[in-house]
Amino acid sequence: MNERQSRVDWLLLLGLFGLMVVGVLFIYSATLAHETTSIPWHRERWFMQIVWYAAGTTTAAALCLVDYHTLARWALVAYWGMVTALLCVLIPGVGVMRFGARRWFDLGFFQMQPSEFAKLAFILALANFLSRPPDELRIPANFFKALGLIALPFLLIMKEPDLGSALVFLPVGLVMMYAAGVPARFLRRLLALVGMLVALFLVDVLFAPPNWQIKLEDYQRRRLLVYFGRDYAAGKTGEAEQLKARVQQRNDSYNVEQALISVGSGGLTGKGWRQGTQNALGFLPRAVAHNDFIFSVIAEEKGFMGSVLVIALYSVVLFTGIRIAGQTRDRLGKLMAVGVVTLIFSHVFINIGMNIRMMPVTGVPLPLLSYGGSSVLGSMIAAGILQNVYLHRRSY
Amino acid sequence: MLVFDQLKKNDPPMRVIAWVAAAGLFVLLAGLWYVQVVSSHRYVENLKNQSFRTVRLPALRGKILDRRGAELAENVPSYNISLYLEDPALRAQFQKQFQAAKGGRKLPRAQSSELARATRYQVVSNAVQQLGRVLQQPVTLDAARFQTHYQQSLALPLPVVTGLNQLQIARFQESSSNPPGLELEVQPLRVYPRRTSAAHVLGHLKRNEDSVGDEDAFYNYRLPDFTGVAGIEAMFDENLRGRAGAKSVLVNNLGYRQSETTWTPVEAGQNVFLTLDLAVQQAADRALAEARTRHPQTRGAAVVLDVRNGDVLALASSPAYDPNLFIGGISHAEWAVLSDPELHPMLNRAVYGGFPPGSIFKMVVALAALESGWNPTNVFRSTGHAMVGNRHIADTAPAGDYDFRRAFKLSSNAYFIECGLAAGVDKILAVGQRLHLGERTGLTLRPDSPALLPTREWQHENKPAWRDGDTANLCIGQGEVTVTPLQVAVMTAAVANGGKVLWPRLVEKVRAQELVGTPAVRAASPARVRDELPVSARTLEIVREAMLADVEDADGTGRHATVPGWRVCGKTGTAQLMKGRTVVDHVTWFTSFAPYEQPRYAVVVMVEGGSSGGGTCAPAARKIYEALQKMEKADAPKAATLAGTN
């Protein structure tokens, strides 16, 4: 190994730092108009986010001290630990109920969302499992074991319920298996199966008579209806029923519509930092403006230029990640990097897609930009893994 | 690409992953481009629709003033107290009460919104009651009115009390315990300070907030505005109303006002100066009102014209109405009075309708006969009635010998039928046409009517068999001839000023509101001459002398119009309205001008239901002349100083 070779991927750090700056600026802007009586500056959201960035950076740095090969040995421990945590969060009294879902541990100073960390533990475990010699991956039993690794957290998170977070497991798992060299025929069958299941599921939700439908949380079903532009009132009889359905529909599609108005009215150059009206006037609900819908605040205030900047920052992170994956000389490092890249990409795609109605509304945060301790910590740990793989790559 | 170069050639899955990631990001960028650039205008439009409310702001209406700048129609400030519902203190109070009412329970949505509704009204109602204590008068807020306002015009303040008096304003401004969200506001209110005076000239307004001209057609809200529906208010509406402005109110997601910006400032309307003289106008109004106190069923009109230039100094119609009634919304009882089928108080009798002229038409006959060679000194023996064909026409003048002067002042029907028939109907109609009887006077008041002169064309269409009897009737102003008081004034002015038939003028000038103030003595406006009478100066002098005799001679029918200091020339008339063979009503007239030596004013008084021209109208004319004398006396010193400086 060339001693002069850079040991830290500065480009990756630059991308991450850029995202943090954007995050703080726009969380500040998004929470500016909140009506709550004056809270001390160190309790403001933008400052809390800085604290989380610091905590995340520290965690990531600490993570880099240990070679990822050593980390991988603990992968299964982490995985089963997370499965336990996901089980615990479902127990009433241990997990906290918010917005009709049981996704959080209340740790007093912060509400931890174990699914954010489960994603990382899952990446470690799956990378560890798939890093065996390619020949072994041709054995169907191993393929099914890998599927099992994906299915367990997926189902547990579905149970919370948190459809968005659960669905992220599918692309991450698939891409990691693909990169590991799992035979294409397995993957094709898997894809076909998943596709069929999804299609059946959607047809069932959207078209089947009520008593034939899969039991789904009411809000989930409605989000899907909104996404597919279905008329709530269809099939309802009686004027009062129809009216009620329409009011419901307006309420449900409200967030998406307001996000679209925010993004669209930003135009090419935007209205300027802190000048966005959608958030200030409360059209974009204040409960989501600084987390799930932070992108629409950025897009409104900085326009298409701002959107391009955000995408550019993410592409720096993603493509340095892909480069790191390509530069590794062992399968474990490569799979870990691929897993992290896919995870970040899925979040970015789903979240931004949701702001412009390309994706249904799910509670998937935008890495580093959305406000939230679990999400920031998770994202920073993911970045730490990338950096770790880069630092400890084996050169021949 | 940097990334792809470094990927090992033998690792196709990594290349695929890189390409898929690039494609995914590109898809996002394309989607964002579509939303933010291609269809941005649509979302900007949506944003405006949901966060802006446009409000039409009416402009301050121009004043209507008399020739001296006295206000006939003006705007006075009306003080209102309005409640701004978006006030943070009010909303905090609402939150407190609402949470207390809920008591930590979780209510179903319908129940919760019902509770919020009730609480909201309670909070506002408390504030209003508190205001009542400050003003020391009970103030109430109707629940239904509040809810309607809340649902439909939340972006606007809610008027709570209107028309505060000085004491209440002081109490409100000095109180330290004013409830939150209340503001004192000033609103212009149209007022006609002279009430019924010149009401028919001024006209009145009605509520109307429609966009006019090139104004924006769409507004979320329109503040109260008015348009003129009659008189000068209607004819000069375009000048008076100014240009409405627009403001936009930024609202939040709940519809509460956040801030506002004026997009188009209002442009105040222009002032309209009339040729009327308020004092003369009021004298005319009083004179007509007096006739009504004696006989409540009389209706009438009076016109004062400057014979030199056609300026209308007074234009009165009776019974009059108070245009102020239309501002606050007219009650049923008031409307019933105004639409009385007999009295028609809204009708401007000075310019609208046609009234039989009776004997005053003898002026036309006299001009025609004298011009066609009738000798005014010839003596004609009257039998006290006239027979034309087999038609018997009564005469109020006694039997006896008449020359022109005596016939004129006693208004002998027999004499004028004789000379009228001698001149021929065509001569009479020719003079009438040059006087433009039967045509609109061109005054800027609507509705006006041309009345009727039975020209040959009219006869051809309506009465092909025109007989001498009809001519005889015409000679005494009965039958197929009607006039308006204003036409009579123009006719009299022509006799007085040496044969110039003028266009009467009512509007002096239109000025922007800032330029108030007008010189007390104006340079006389040039007359607009419509026609010259084809009558010799001698003929006019004969008629003028006869008119003088009618007033000055002891036996003249117009003797009650005598005014000390001026020699008044006049002619009385009493037309009979027949139904079959019975007389149902009288239209009495007195038309005149003065002074004889240098005629300056023509005064016409017409009273329907009066007893006679000399008895009812001449005294009314006298009162108007007295007012004109007073006006001249008041102007004289100023005129003298003005002359002195020249």
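Chain letters run A, B, ... following the sequence lines, proteins first, then strands; residues in each count from 1. Just so you know, these numbers use all the heavy atoms, side chains as well, and skip hydrogens, waters and symmetry mates. Just so you know, these numbers come straight off a predicted model, no measurement behind them.
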Can you name the closest pair of heavy atoms from [X] and [Y] and give their distance?
{"X": "B:Leu32", "Y": "A:Ile311", "value": "CD1-CD1, 4.0 Å"}
{"X": "A:Ile322", "Y": "B:Ala18", "value": "CD1-CA, 3.7 Å"}
{"X": "A:Phe345", "Y": "B:Val20", "value": "CZ-O, 4.5 Å"}
{"X": "A:Ile356", "Y": "B:Leu28", "value": "CD1-O, 4.2 Å"}
{"X": "B:Val251", "Y": "A:Phe283", "value": "O-CE1, 3.6 Å"}
{"X": "B:Met14", "Y": "A:Ala325", "value": "CE-CB, 3.5 Å"}

Starting at [atom1] of [X], measure out to [atom2] of [Y] and round the result to the nearest 0.5 Å.
{"X": "B:Ile17", "Y": "A:Leu318", "atom1": "CD1", "atom2": "CG", "result": "12.0 Å"}
{"X": "B:Arg42", "Y": "A:Ile261", "atom1": "CZ", "atom2": "CD1", "result": "10.0 Å"}
{"X": "A:Phe304", "Y": "B:Leu29", "atom1": "CZ", "atom2": "CG", "result": "5.5 Å"}
{"X": "B:Tyr43", "Y": "A:Gln258", "atom1": "OH", "atom2": "CD", "result": "12.0 Å"}

Flag side-chain contact, heavy atom, 4.5 Å: B:Phe52 against A:Thr277 | no
Please test A:Leu284 against B:Asn253 for side chain to side chain contact (heavy atoms under 4.5 Å, CB included), starting from the C-alpha separation and ending with a verdict.
-> CA-CA 8 Å; A:Leu284 192 65; B:Asn253 61 326; over 6 Å; no
Chain A heavy atoms under 4.5 Å from [X]: which part of the residue, side chain, backbone, both or neither?
{"X": "B:Ser39", "result": "neither"}
{"X": "B:Glu45", "result": "neither"}
{"X": "B:Leu254", "result": "neither"}

Restricting to pairs with a member in residues 141-159 of chain B, which pass side-chain hydrogen bond (donor to acceptor under 3.5 Å, both in side chains), not counting sequence neighbours?
-> B:Arg120-B:Tyr150, B:Tyr150-B:Tyr256
Yes or no on side chain to side chain contact (heavy atoms under 4.5 Å, CB included) for B:Val35 and A:Arg357, after CA distance, side-chain angles and deciding distance?
-> CA-CA 10 Å; B:Val35 171; A:Arg357 212 175 173 163; over 6 Å; no
Between B:Gln50 and A:Gln278, does a side chain to side chain donor-acceptor pair (under 3.5 Å) hold up when you go through it step by step?
-> CA-CA 10 Å; B:Gln50 71 177 11; A:Gln278 280 291 88; 2.8 Å; yes
Heavy-atom pairs under 4.5 Å with chain B, option from A:Gly266, A:Ala179, A:Ala299 with the top count = A:Ala299
Apply the test side chain to side chain contact (heavy atoms under 4.5 Å, CB included) to residues A:Tyr178 and B:Val16: give CA-CA distance (whole Å), side-chain angles for both, the deciding distance (0.1 Å), then the verdict.
-> CA-CA 10 Å; A:Tyr178 172 67; B:Val16 171; 3.3 Å; yes
Quick check: does any side chain N or O of B:Gln36 sit under 3.5 Å from a backbone N or O of A:Gly264, one acting as donor and the other as acceptor?
-> no
Does A:Ser265 use its side chain to pair, donor to acceptor, with the backbone of B:Leu47 at less than 3.5 Å?
-> no
With a 4.5 angstrom heavy-atom cut-off, which part of A:Val338 approaches chain B: side chain, backbone, both or neither?
-> side chain
Look at atom CE of A:Met305 and say whether more than 12 heavy atoms of other residues, nucleotides or ligands are closer to it than 6.0 Å.
-> no
